[in-house]
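One structure is given below, encoded as structure tokens.
Residue numbers begin at 1 in each chain, while the letters A, B, ... track the order of the sequences.
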Number of protein chains: 2
Amino acid sequence: MELRNTPPRTSLSEYVLAVLREKIATGELAPGQHLREMELAAGLDVSRGPVRDALALLESEGQVEIKRHRGAFVSVLTQVDVEEVHTFRAAIESLAAERAATRMTPAHFAELDRVLDAMKETSGSVAPQEAVRLDLAFHDVLYDAADHQRLSRAWISIRSQVFFFLHTRNVNFPDFPTVGYPEHHDLRMALAKGDPAVARAAAEEHLSGAYTRLRQLELPTESDRPR
Amino acid sequence: MELRNTPPRTSLSEYVLAVLREKIATGELAPGQHLREMELAAGLDVSRGPVRDALALLESEGQVEIKRHRGAFVSVLTQVDVEEVHTFRAAIESLAAERAATRMTPAHFAELDRVLDAMKETSGSVAPQEAVRLDLAFHDVLYDAADHQRLSRAWISIRSQVFFFLHTRNVNFPDFPTVGYPEHHDLRMALAKGDPAVARAAAEEHLSGAYTRLRQLELPTESDRPR
DNA sequence: ATCCGATCGATTGCAGACAATCGACATCGC
DNA sequence: GCGATGTCGATTGTCTGCAATCGATCGGAT
């Protein structure tokens with residue numbers, strides 16, 4: 001029962017949402033775990049209201065499953081989910097790349113290059129978390145440049161799951177830092193051409209590579225899903 | 001303060017959500033209108049809680065905009081939104097068609113044909129609402145056959161807006177009933193071929209036609225958006 | 001007359017209490 | 001022994017009250 005050091009410039013719901021997203025993405029809240037509203041509320045020193053709001057949003061993103069009168073459970077992600085997330089992401093990110101190709105501003109390119117430099121420097125030795133953060137930061141810029149609210153929303157809705165998959169993979173196969181830079185660099189150069197078709201193709205290529213690596217993961221099968 | 005005739009077999013939140021979706025889609029709640037929690041709660045004879053839940057979800061779908069301490073406002077859809085919804089829908093529905101091509105069951109085809117028959121029969125004279133309902137019902141089957149949770153969620157998140165656009169257009173240009181049947185019939189035949197590439201192409205063709213018709217709509221411009 | 005600031009009302013954000021519902025366990029009947 | 005059934009505890013669904021915050025309005029100064 002201590003004061004939060006961050007005076008809520010933002011609503012408590014968003015605060016709770018951010019914390020839960022983080023804890024689920026890093027696995028601190030394990031898949032299948034039962035999330036009790038009162039426990040969470042007590043732990044974060046808020047009431048159940050904001051916690052409920054956050055959980056409801058997480059459910060709409062598929063991060064948790066809410067069963068009536070039973071509570072929220074962290075979604076158990078299976079090989080099927082890897083495939084779903086990948087195909088879905090390919091669909092929306094192709095479009096994002098297409099649009100970004102003709103909408104990228106100098107500021108966007110500067111930000112991309114900043115991220116790329118960081119990838120290059122940390123190549124070889126970097127905490128998995130940080131590598132994933134850079135990866136996602138790159139794609140965040142892409143969606144921002146696409147200037148498409150619904151696309152951005154869709155990206156946000158799978159972003160944490162992409163984080164989870166990449167993170168899990170990097171922990172098990174720490175080769176990402178070496179392949180991360182060149183692949184993203186290629187995509188950046190394609191975007192610079194300003195041709196939607198070229199950008200789309202590059203995005204599809206990039207995601208295809210990422211998916212190939214992700215398939216190495218050993219995840220629960222569909223039958224392990226809690227009923 | 002009278003009893004609801006529907007005993008809540010489902011949670012009140014979902015009940016409120018369904019009602020609000022309907023009222024927004026049909027325009028009973030006008031774009032830009034200020035939605036006060038207490039008013040809605042009183043009107044639906046529930047407390048503010050479920051109303052809050054429903055509004056939060058609608059915001060995540062872009063149906064309403066929530067401003068801190070000011071309340072929820074029905075989103076003002078502009079020409080930009082027509083374009084966003086169209087491009088987004090094209091992205092996800094192409095994927096849905098691709099997947100459905102190899103996953104359609106006899107039951108799915110039967111359902112499609114049922115909808116198509118209804119379209120054929122009502123051709124020429126039918127209430128705009130009903131025409132749109134059939135249109136969406138057709139695509140609902142498509143997403144169901146695609147068997148992809150995240151795709152379905154994405155579809156649901158823009159479904160009401162598609163409804164709104166189609167409905168508005170049909171009221172102004174009542175030619176849909178005549179073009180609706182053949183276009184959907186084409187798509188159905190393409191799906192029957194069982195080839196993902198063919199199905200994707202047909203879906204893109206279909207959506208392209210729909211977008212062309214939608215562009216005739218006169219909608220508010222971006223500058224009319226409430227600040 | 002216009003611009004700026006303080007006050008006020010309206011509305012939401014959050015908290016806590018009560019009631020409905022679900023699953024688990026024990027008990028009963030076969 | 002096994003299955004069905006009733007009861008109970010735990011947890012969420014819903015409701016109401018209070019306080020924080022925002023925008024509007026009014027008043028004053030320039």
Given [options], identify the nucleotide with an atom nearest to the side chain of [X].
X	options	value
A/Val46	C/dA15, D/dT16, D/dT12	C/dA15
B/Ser47	C/dA15, D/dT14, D/dT21	D/dT14
A/Leu12	C/dC14, D/dG13, D/dC15	C/dC14
A/Arg70	C/dT12, C/dC22, D/dT14	C/dC22
A/His69	C/dT21, C/dG13, D/dT11	C/dT21

Rounding to a whole Å, what distance do you find between [X]:[atom1] and [N]:[atom2]?
X	N	atom1	atom2	result
A/Gln33	D/dT11	CD	P	13 Å
A/Leu44	C/dC14	CG	P	13 Å
B/His34	D/dC22	NE2	P	15 Å
A/Glu37	C/dC14	CD	C1'	14 Å
B/Leu17	D/dG13	CG	P	15 Å
A/Phe73	C/dC22	CZ	C1'	11 Å
A/Arg52	C/dA15	CZ	P	14 Å
A/Glu14	C/dG13	CD	P	10 Å

Using atom types as modelled, flag every donor-acceptor pair under 3.5 Å from a side chain in residues 90-97 of chain A to any protein atom, sequence neighbours excluded.
residue : atom : partner  : partner atom : Å
A/Glu93 : OE1  : A/Arg89  : NE           : 2.9
A/Glu93 : OE1  : A/Tyr143 : OH           : 3.0
A/Glu93 : OE2  : A/His139 : ND1          : 2.4
A/Ser94 : OG   : A/Ala90  : O            : 2.6

Could you spell out the base pairing of DNA chain D in dot-bracket, with Watson-Crick or G-U pairs whose two distances are under 3.5 Å, [ ] crossing and | to another strand?
||||||||||||||||||||||||||||||
Look at B/Glu83 together with A/Arg150 and state whether they make a salt bridge at an N to O cut-off of under 4.0 Å.
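Result for this pair is no, no salt bridge flagged.
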Before accepting this row, confirm whether a basic side-chain N of the pair B/Asp113/B/Arg188 lies closer than 4.0 Å to the acidic partner's carboxylate O.
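Looking at B/Arg188 together with B/Asp113, the answer is yes, because their closest N to O distance falls below 4.0 Å.
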Quick one: does [X]'s side chain get under 4.5 Å of [Y]'s, heavy atoms only?
X	Y	answer
A/Val141	A/Phe109	no
A/Leu187	A/Leu112	no
B/Leu57	A/Ser60	yes
B/Asp140	B/Arg159	yes

Distance (rounded to the nearest 0.5 Å) between A/Gln129 CD and A/Asn170 CG:
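One gets 10.5 Å once the value is rounded to the nearest 0.5 Å.
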Might you point out which heavy atoms bring A/Arg21 and A/Leu58 nearest each other, and give the distance in Å?
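In this case the closest contact between A/Arg21 and A/Leu58 is CG-CD2, 4.0 Å.
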Does the side chain of A/Ser13 get closer than 4.0 angstrom to OP1 or OP2 of C/dC14 through an N or O atom?
yes
Report yes if a side-chain nitrogen or oxygen of A/Arg68 is closer than 4.0 Å to either non-bridging phosphate oxygen (OP1 or OP2) of D/dG13; otherwise report no.
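Looking at the OP1 and OP2 atoms of D/dG13, neither is under 4.0 Å from any side-chain N or O of A/Arg68.
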Looking at every strand, decide which applies to A/Gly71 at a 4.0 Å heavy-atom threshold: base, sugar-phosphate, or nothing.
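Sugar-phosphate: the residue A/Gly71, judged by heavy atoms under 4.0 Å, touches backbone atoms but no base.
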Quiz question: going by heavy-atom distance under 3.5 Å, is there a donor-acceptor pair between the base of D/dG13 and the side chain of A/Arg48?
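Check passes, donor-acceptor contact within cut-off.
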Quick check on contacts: within residues 53-63 of chain A, what sits under 4.0 Å from DNA chain D by heavy-atom distance?
none
Comparing B/Arg36 with A/Pro50, nearest DNA chain C nucleotide closer to 5' gives the residue B/Arg36
Distance-only donor-acceptor check, side chains B/Thr87 and A/His148, under 3.5 Å
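Note: B/Thr87 and A/His148 side chains meet the donor-acceptor criterion.
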